[in-house]
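Chain letters run A, B, ... following the sequence lines, proteins first, then strands; residues in each count from 1.
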2 protein chains.
Amino acid sequence: MKISQLSAASGVSQPTIKLYLREGLLPPGAKTHANQATYSEAHVRRLGIIRTLTQVGGLSVASAKTVLDAIDSELPLNWTFGLAQRAASPDVDGTDLSDADLARADDFLAGLTYHDGPGRFGVAKALRAMADAGLEADGAWRESYRKAAEIIGEADIDLIDRREGRLAKAETVVIGTVLGDALLAALRRAAQEHFSSQRYLSRSTETAP
Amino acid sequence: MKISQLSAASGVSQPTIKLYLREGLLPPGAKTHANQATYSEAHVRRLGIIRTLTQVGGLSVASAKTVLDAIDSELPLNWTFGLAQRAASPDVDGTDLSDADLARADDFLAGLTYHDGPGRFGVAKALRAMADAGLEADGAWRESYRKAAEIIGEADIDLIDRREGRLAKAETVVIGTVLGDALLAALRRAAQEHFSSQRYLSRSTETAP
DNA sequence: CGATTATAGATAGTTATAGTATCCGTTATG
DNA sequence: CATAACGGATACTATAACTATCTATAATCG
């Protein structure tokens with residue numbers, strides 16, 4: 001398969017494929033001459049994953065490279081998990097978080113074990129932003145969110161558990177982390193629409209201007 | 001309050017404030033002369049919301065303007081809801097979705113009422129991306145996700161219900177939509193970490209390279 | 001066989017976004 | 001009254017993700 005066929009098969013433009021080759025997201029084709037190479041089905045599949053991560057998951061090309069490298073590597077699964085979480089999260093450092101911010105997050109997370117990382121810091125940042133915006137969420141709302149997160153987190157781990165082999169598990173971790181966020185956000189919108197229309201007896205998302 | 005004080009009070013640089021004024025995200029100050037104006041606490045608060053939407057919610061300046069306009073307008077609440085959902089979601093059009101894609105989403109959403117929009121289309125896109133990536137999620141996982149989404153969606157509507165007045169409700173819709181996504185993603189990470197470490201008896205997010 | 005087309009790889013250009021810097025004439029302030 | 005700050009316009013910078021062009025070589029087809 002030459003690059004033109006790879007482009008046709010994947011739906012990714014030729015210059016963009018060259019970009020991914022340059023950046024190391026896509027492994028080079030098998031060289032047949034100094035300036036000829038052939039690509040395989042694996043390249044088509046890889047391009048699909050790259051597009052999924054960047055288009056659906058919203059990852060930057062650099063972030064996508066990080067998690068793809070993690071899949072390919074022989075890193076332990078928990079490292080892959082951490083890398084995927086970090087790549088799929090915005091700035092993850094906790095340097096601008098006060099003790100009060102962290103305490104609020106830890107209170108929310110009570111009952112869960114956690115460590116420093118995207119989870120704890122992300123919760124702290126989101127809660128601080130809510131407080132700053134004057135949206136003090138009440139206990140019932142918080143309890144619902146924590147309950148939902150527990151259901152999902154356990155389901156995610158179960159799904160990974162059921163995969164056979166490190167590569168399949170690693171791919172599930174990466175794809176699941178990135179796409180799970182997108183799916184969850186979309187499901188949330190649908191559920192909001194459902195309960196909103198159920199309660200107000202009017203369509204919640206009429207065509208907006 | 002002059003612009004220098006507004007900058008100090010909000011932590012947003014003076015040129016950036018001018019940018020937001022130019023783009024119409026921030027209303028102009030009260031003019032005292034042709035080239036003098038004073039700003040109020042409302043401007044500080046507004047800047048906080050702008051930064052929340054752009055920094056935490058990842059919205060573009062243009063998208064942030066859209067939802068801020070929706071808060072200010074007298075649009076019905078369900079329109080505001082739709083606008084916030086659209087602004088916080090990537091491309092929401094369903095033009096590239098096949099009937100099979102939509103059928104898969106509708107199957108997932110069984111039991112919920114929904115319409116065309118970010119929810120249905122987003123679910124369809126995420127599920128298609130998962131299928132493309134070879135991640136076929138089993139029924140247990142799907143059931144968990146739907147259950148979690150129902151819990152959250154209902155909690156969101158409850159929270160909005162408890163607010164008094166259209167403005168407060170509208171602000172809750174917008175902030176809640178944008179920050180809820182971020183909070184939920186972070187909670188998911190924390191929960192994954194919890195169940196992962198519980199199950200494997202090892203830390204799930206050791207410091208990654 | 002030879003003309004045309006395609007290829008790999010390098011380099012340069014494009015577009016969009018978000019923010020920054022510099023002017024300007026005017027106004028506040030010490 | 002002198003200096004600093006102001007509002008507003010314009011121009012600049014940085015980054016990211018592509019896209020286009022170029023060159024020499026290789027494949028392809030009549």
Can you check the [X] [atom1] to [N] [atom2] distance for me, whole Å?
{"X": "Leu25(A)", "N": "dC18(D)", "atom1": "CG", "atom2": "C1'", "answer": "13 Å"}
{"X": "Ile17(A)", "N": "dA17(D)", "atom1": "CD1", "atom2": "P", "answer": "17 Å"}
{"X": "Leu21(B)", "N": "dG8(D)", "atom1": "CG", "atom2": "C1'", "answer": "10 Å"}

Check whether the side chains of Asp101(B) and Ser98(B) place a donor and an acceptor atom closer than 3.5 Å, and report yes or no.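 Their side chains do contain a donor-acceptor pair, which is all the 3.5 Å distance test asks for.
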Quick one: what's the B/S/- string for nucleotides 24-30 of chain D, heavy-atom cutoff under 4.0 Å, read 5' to 3'? BBSSS--
Between Ser13(B) and Thr16(B), is a side-chain hydrogen bond (donor to acceptor under 3.5 Å, both in side chains) present by the stated rule, with each step listed? CA-CA 5 Å; Ser13(B) 79; Thr16(B) 300; 2.9 Å; yes
Answer yes or no: does a side-chain N or O of [X] lie under 4.0 Å from OP1 or OP2 of [N]?
{"X": "Thr16(B)", "N": "dT20(C)", "answer": "yes"}
{"X": "Tyr20(A)", "N": "dA17(D)", "answer": "no"}
{"X": "Ser13(B)", "N": "dT20(C)", "answer": "yes"}

Would Asp96(A) and Lys125(A) satisfy salt bridge (Lys or Arg N to Asp or Glu O under 4.0 Å), going step by step from the backbone distance to the final call? CA-CA 9 Å; Asp96(A) 65 332; Lys125(A) 285 188 184 192; 3.8 Å; yes
So what does Lys31(B) hit on the nucleic acid, given a heavy-atom distance under 4.0 Å: a base, only sugar-phosphate, or nothing?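 Touches sugar-phosphate only.
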Touch check for Ile3(A), heavy atoms < 4.0 angstrom, all strands: base, sugar-phosphate only, or nothing?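 Sugar-phosphate contact only - Ile3(A) comes under 4.0 Å of backbone atoms but never of a base.
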Is there a donor-acceptor pair under 3.5 Å between the side chain of [X] and the backbone N or O of [Y]?
{"X": "Glu193(B)", "Y": "His115(A)", "result": "yes"}
{"X": "Ser89(B)", "Y": "Gln85(B)", "result": "yes"}
{"X": "Arg51(B)", "Y": "Ser10(B)", "result": "no"}

Residue mapping more 5' on DNA chain C - nearest nucleotide basis, Ala37(A) or Arg22(A):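 With Arg22(A) and Ala37(A) compared, the 5'-side residue is Ala37(A).
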Most 5' of Gln5(A) and Leu19(B) on DNA chain C, judged by nearest nucleotide: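 Its nearest nucleotide lies further toward 5', so the answer is Gln5(A).
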Which residues, if any, of residues 38-71 of chain A bring a heavy atom under 4.0 Å of DNA chain C?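 Per residue number, the list reads Tyr39(A).
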Applying ring-ring contact (aromatic ring centres under 6.0 Å, His included), can you list everything that pairs with Tyr39(B), at least two apart in sequence or on another chain?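 ring-ring contact (aromatic ring centres under 6.0 Å, His included) check on Tyr39(B) returns His43(B).
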